[in-house]
2 protein chains.
Amino acid sequence: MDRPDVGSSDAERQRFAAVGRALADPKRLCVLETLAAGERSVSELSREVGCHVPNMSQHLSVLRSAGLVAARRDGNTVFYRLADQRVLEAYRLIQTLAR
Amino acid sequence: MDRPDVGSSDAERQRFAAVGRALADPKRLCVLETLAAGERSVSELSREVGCHVPNMSQHLSVLRSAGLVAARRDGNTVFYRLADQRVLEAYRLIQTLAR
DNA sequence: CAACTACTTGCGCGTTTGCGCAAGTAGTGA
DNA sequence: TCACTACTTGCGCAAACGCGCAAGTAGTTG
């Protein structure tokens, strides 16, 4: 049977945990759900998620440094998108685990 | 194309975030890796992960209330195991996202 | 340049988290 | 019942987190 490796070093586990932390907040999960439909600006995201722009910027910074989202600047607005489709796969798996 | 549902209510997202939080600590990830090889007692886990028994008990409590691990008592020792194989799948996905 | 929009960053504060330690509970065996 | 092992729980503290708010940066427009 397939038995993909799961063991890791302390340093690696630290980075995996950073991904976990990024997934540990409802608003950030809401951001991922929104980005599943396509890229959004910071102000659009803050409106759809329901928080102030600086707060959204902080959440996006957490998601970005965990490598879950990527940013693109166009003029003076910044668009965020999912960094990888596997982000959604991971989130869906977590959803089934929690249900 | 397949477009599995990703949208959730606030209450649901709260529980998904609890799973995220459970995955947000290196020691807890280490526990999952250890349990991938089979069930372990609390003292075995604390030895392999490298922390004190009460601390391990607290981590296990977080994992258990997130539904990621399950417990079984035999005599006066408690054995923990992964609640579901999909826990490993989710962890592996997170590993690939972080690498 | 000034003024405006869009976003990011720094700061302070209340809450949560991870930890060690001490005390409590549960089960075994003499 | 008493002692022992195995685990859980409560408490206090330092560190990290989420948040609002004010200030700063970046880019556009006149």
Side-chain angles (χ1 to χ4, degrees), chain A residues 10-11 13-35 38-81 83, chain B residues 10-11 13-35 38-81 83:
Chain A
D10 278 16
R13 248 178 255 119
Q14 195 68 46
R15 291 185 304 119
F16 303 157
V19 176
R21 263 189 285 112
L23 298 171
D25 183 274
K27 286 185 184 167
R28 287 195 289 266
L29 297 181
C30 191
V31 167
L32 297 183
E33 292 178 18
T34 305
L35 294 183
E39 66 175 14
R40 294 281 189 282
S41 71
V42 177
S43 30
E44 283 172 337
L45 285 170
S46 68
R47 211 175 313 117
E48 299 192 46
V49 170
C51 67
H52 297 162
V53 171
N55 187 13
M56 176 53 63
S57 191
Q58 290 168 144
H59 281 303
L60 288 169
S61 154
V62 172
L63 288 169
R64 190 153 39 82
S65 55
L68 302 190
V69 304
R72 167 181 80 84
R73 167 156 237 147
D74 180 33
N76 53 8
T77 116
V78 177
F79 291 95
Y80 281 82
R81 62 180 183 281
Chain B
D10 279 15
R13 248 178 254 119
Q14 195 67 47
R15 291 186 301 121
F16 304 156
V19 175
R21 264 188 284 113
L23 298 171
D25 183 275
K27 287 186 183 165
R28 287 195 289 267
L29 296 182
C30 191
V31 167
L32 296 183
E33 291 178 18
T34 305
L35 293 183
E39 66 175 13
R40 294 281 189 283
S41 71
V42 177
S43 29
E44 284 172 335
L45 285 170
S46 68
R47 211 175 313 118
E48 301 192 45
V49 171
C51 68
H52 297 161
V53 170
N55 186 11
M56 176 53 63
S57 191
Q58 290 169 146
H59 281 303
L60 288 169
S61 154
V62 173
L63 288 169
R64 190 153 39 81
S65 56
L68 303 189
V69 304
R72 167 182 79 83
R73 167 156 237 147
D74 179 32
N76 53 8
T77 114
V78 178
F79 290 96
Y80 281 82
R81 64 180 181 282

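Note on naming: letters A, B, ... go to the chains in the order of the sequence lines (proteins, then strands), and numbering restarts at 1 for each one. Computed over heavy atoms, backbone and side chain alike; hydrogens, waters and symmetry mates excluded.
Rounded to a whole Å, the CG atom of A:Asp25 is 12 Å from the P atom of D:dC17. Protein atom CZ of B:Arg64 is 12 Å distant from nucleotide atom C1' of D:dT9, rounded to whole Å. For the pair A:Leu63 CG and D:dC17 P, the computed distance is 14 Å after rounding to whole Å. Atom-to-atom, CG of A:Asp74 to P of D:dG27 comes out at 12 Å; the value is rounded to the nearest Å. Going from atom CZ of B:Arg72 over to atom P of C:dG27 covers 15 Å, rounded to whole Å. What separates CD of B:Glu44 from C1' of D:dT5 is a distance of 14 Å, to the nearest Å. Here the P atom of nucleotide D:dT9 and the CE atom of B:Met56 are 15 Å apart, to the nearest Å. The interatomic distance linking B:Leu45 (CG) with D:dT8 (P) rounds to 10 Å, in whole Å.
The nucleotide whose nearest atom lies closest to any side-chain atom of A:Gln58 is, among C:dC7, C:dG18, D:dG20, D:dG20. Side-chain proximity of B:Lys27 to the nucleotides C:dT9, C:dC19, C:dG20 is greatest for C:dC19. The B:Asn55 side chain lies nearest to C:dC19 when the options are D:dT8, C:dC19, C:dT8. Of the listed nucleotides (C:dA6, C:dG18, D:dC19), D:dC19 has the atom at the smallest distance from the side chain of A:His59. Closest to the side chain of B:Arg21, from the set C:dG18, C:dT17, D:dC7, is C:dT17. For A:Ser43, the listed nucleotide lying nearest its side chain is C:dA6; candidates were C:dA26, C:dA6, D:dG20.
Each of B:Pro54 and A:Cys51 lies near DNA chain D, and the nucleotide nearest B:Pro54 is the one positioned closer to the 5' end.
The closest side-chain heavy-atom distance from A:His52 to A:Ser46 is not below 4.5 Å. Within the 4.5 Å cutoff, the side chain of A:Leu35 has heavy atoms near those of the A:Leu45 side chain. Proximity of A:Arg73 to A:Phe79: side-chain heavy atoms (C-beta onward) are nowhere separated by under 4.5 Å. Within the 4.5 Å cutoff, no side-chain heavy atoms of B:Thr77 are placed close to those of B:Val42. Two residues are said to be in side-chain contact when any heavy atoms from C-beta on lie closer than 4.5 Å; B:Val62 and B:Gln58 fail this criterion.
The base of D:dT5 is paired with the side chain of B:Asn76 by a donor and an acceptor separated by under 3.5 Å.
The side-chain contact (heavy atoms from CB on, under 4.5 Å) test with A:Val49 singles out one residue from A:Lys27, A:His59, A:Arg40, A:Arg28, and that residue is A:Lys27.
Using a 4.0 Å heavy-atom cutoff across all strands shown, A:Val53 reaches at least one base atom of the nucleic acid. Within 4.0 Å of A:Ser57, counting heavy atoms only, lies at least one base atom of the nucleic acid. At a threshold of 4.0 angstrom between heavy atoms, the contacts of A:Ser41 are confined to the sugar-phosphate backbone, with no base atom among them. Residue contacts for A:Thr77: at a heavy-atom cut-off of 4.0 Å it reaches the sugar-phosphate backbone alone, with no base atom in range. A:Tyr80 comes within 4.0 angstrom of sugar-phosphate atoms only, judged by non-hydrogen atoms across all strands, and of no base.
Between A:Arg28 and D:dG18 there is a side-chain N or O to OP1 or OP2 distance below 4.0 Å.
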